[in-house]
There are 2 protein chains.
Amino acid sequence: MTAIPPDAVVAAWVRLVRARHRVLGAVEAELKRAGFPPLAWYDALLELRRAGEAGLRPYQLEGAMLLAQYNLSRLVDRLAAAGHVVRAPTPADGRGQVLTITERGCALLAAMWPAYAAAIGRHMGAHLTEAEAATLAALLDRLLAPPAEPG
Amino acid sequence: MTAIPPDAVVAAWVRLVRARHRVLGAVEAELKRAGFPPLAWYDALLELRRAGEAGLRPYQLEGAMLLAQYNLSRLVDRLAAAGHVVRAPTPADGRGQVLTITERGCALLAAMWPAYAAAIGRHMGAHLTEAEAATLAALLDRLLAPPAEPG
DNA sequence: GCCATCCGGATGCAGTTGCATCCACCATGC
DNA sequence: GCATGGTGGATGCAACTGCATCCGGATGGC
């Protein structure tokens, strides 16, 4: 159980961290230069747009984005303060709320996507063929599978 | 220049961020549970051990780890406060300093590695064959290549 | 020698994260 | 109906990050 992993695994691990650091840094920097908010805003708004008028409960959004509860709570604070999101009480559950994206939020998504996509293309796509990207995506997916069961 | 990247690239991008988040989170959590400091400490000490008695200048360490200058400055503060690293003035350059790892720092590296390696194995190795890990490492390496030159 | 500039490194401050805890409300047993 | 425990979400506080700036020493022009 505590066997040392093969070199290739350690190499992949190191590169995973570094590549993500590098590409994310470059992409976020581009977006910031263009005057856009952090990517977390984009992700949250994207989920909310996908949910449509029904909206999402904060805990659902928390599950969809891999984000800690307190962290999401404060992200929603900021999104609401900026007018991208509306918090409404739930009829069904007095403790909870429903989050829905506003027009303004949709507009932000629409404005960000071209810049975001271009940045992804520049910092990721430019380094890979389409086939390589597909292979990479498939391999990374393996890492997202549920953790290996203890035999 | 602002072409939308193909779906496979976007898919790889999303999975890159999520996979790193997931695996890093799991690995760091394991190390923390075992009472160890954050991985940044390990990385820094590893570089310093590699440099041996000659040590490293902070700006060299900054380059080796992808870490902002002010950030490194404070990481070194913490490492020094914990006795893992020694700051000494440079004879060659009055502004600078040389960082060297202490016995205690080496001991920490030695203590952390088994736990770290086991965590990598569990959260990364368990999901991939060795060949897949090698492919993944190679693909991620492409992302670390210098940015594409503007034609 | 003297000045302007640059570079290595530190630091004050604001914004963000992690952790622990708290509050309110739901659900269950009785 | 009321105590008990669980769940959704917020928040005080300490740690950490990013940014801008600052300081002191090096370097180059003259």
Side-chain angles (χ1 to χ4, degrees), chain A residues 17 20-22 24-33 35-44 47-48 51 55-82 85-100, chain B residues 17 20-21 24-33 35-44 48 51 55-82 85-100:
Chain A
V17 172
R20 176 270 185 188
H21 180 97
R22 174 98 112 145
L24 180 63
V27 169
E28 285 245 46
E30 257 192 48
L31 290 175
K32 169 178 272 193
R33 261 200 306 281
F36 290 121
L39 272 180
W41 289 38
Y42 186 89
D43 291 343
E47 290 297 332
L48 287 174
L56 284 179
R57 299 286 299 269
Y59 73 90
Q60 297 175 300
L61 192 50
E62 175 190 341
M65 308 171 60
L66 311 156
L67 204 53
Q69 180 271 319
Y70 48 82
N71 222 331
L72 177 69
S73 173
R74 292 193 268 223
L75 173 60
V76 172
D77 282 348
R78 284 169 241 150
L79 287 171
V85 152
V86 172
R87 283 172 149 139
T90 332
D93 187 335
R95 324 166 264 195
Q97 33 185 258
V98 181
L99 308 174
T100 47
Chain B
V17 171
R20 175 270 183 189
H21 180 97
L24 181 63
V27 169
E28 286 244 45
E30 259 192 46
L31 289 176
K32 170 178 274 194
R33 261 200 306 282
F36 290 120
L39 271 179
W41 288 39
Y42 186 89
D43 291 342
L48 288 173
L56 283 179
R57 299 287 299 270
Y59 73 91
Q60 297 176 299
L61 191 50
E62 177 190 340
M65 308 171 59
L66 311 157
L67 205 53
Q69 179 271 320
Y70 47 82
N71 224 332
L72 176 68
S73 173
R74 293 193 267 224
L75 173 60
V76 172
D77 282 348
R78 285 168 241 151
L79 287 171
V85 152
V86 172
R87 284 173 149 139
T90 333
D93 187 335
R95 334 168 255 195
Q97 31 184 267
V98 180
L99 308 174
T100 47

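Residue numbers begin at 1 in each chain, while the letters A, B, ... track the order of the sequences. Reckoned from all heavy atoms, side chains included, excluding hydrogens, waters and symmetry mates.
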All heavy atoms of B:Met65 vs all of B:Asp43, minimum pair found to be CE-CB, 3.9 Å
Quick one: B:Arg87 CZ to C:dG8 P, roughly how many Å, whole number? 16 Å
Taken to the nearest whole Å, CG/A:Leu99 to C1'/D:dA10 is 14 Å
Give the B/S/- string for nucleotides 14-23 of chain C, one per nucleotide from 5' to 3', where a protein heavy atom under 4.0 Å of the base yields B, of only the sugar-phosphate yields S, and otherwise -. --SBBBB---
Distance check, rounded to the nearest 0.5 Å: B:Ser73 atom OG versus B:Leu67 atom CG? 10.5 Å
So does A:Gln60 get a side-chain nitrogen or oxygen closer than 4.0 Å to the phosphate oxygens (OP1/OP2) of D:dG8? no
Could you tell me the separation between the CD atom of A:Glu62 and the CD atom of A:Glu47, rounded to the nearest 0.5 Å? 13.0 Å
Just verifying a value: how many Å separate B:Arg87 CZ and B:Asp77 CG, rounded to the nearest 0.5 Å? 4.5 Å
Whole-Å distance, B:Leu75 CG to C:dT11 P, equals 15 Å
Indicate, with a heavy-atom threshold strictly under 4.0 Å, whether A:Asp93 touches base, sugar-phosphate, or nothing. sugar-phosphate
Euclidean distance, atom OH of residue B:Tyr59 to atom P of D:dG25 [Å, nearest integer]: 18 Å
Nearest 0.5 Å, what's the CG-CG distance between B:Leu72 and B:Leu99? 7.5 Å
Minimum heavy-atom distance between B:Ala40 and B:Leu75, given as atom pair plus value: O-CD2, 4.1 Å
Looking at the side chain of B:Arg95, which of D:dG25, D:dG8, D:dA10 is the nearest nucleotide? D:dG25
B:Arg57 CZ to C:dC7 P: how many Å, rounded? 14 Å
Within this structure, what is the CG-to-C1' distance between B:Leu67 and C:dG9, rounded to whole angstrom? 14 Å
Just the rounded figure in Å: distance from C1' of D:dG9 to CG of A:Asp77. 10 Å
Quickly work out the B:Glu62 CD to C:dG9 C1' distance and round it to whole Å. 9 Å
Contacts of B:Phe36 that satisfy ring pair (Phe, Tyr, Trp, His ring centres under 6.0 Å) - sequence neighbours left out: none
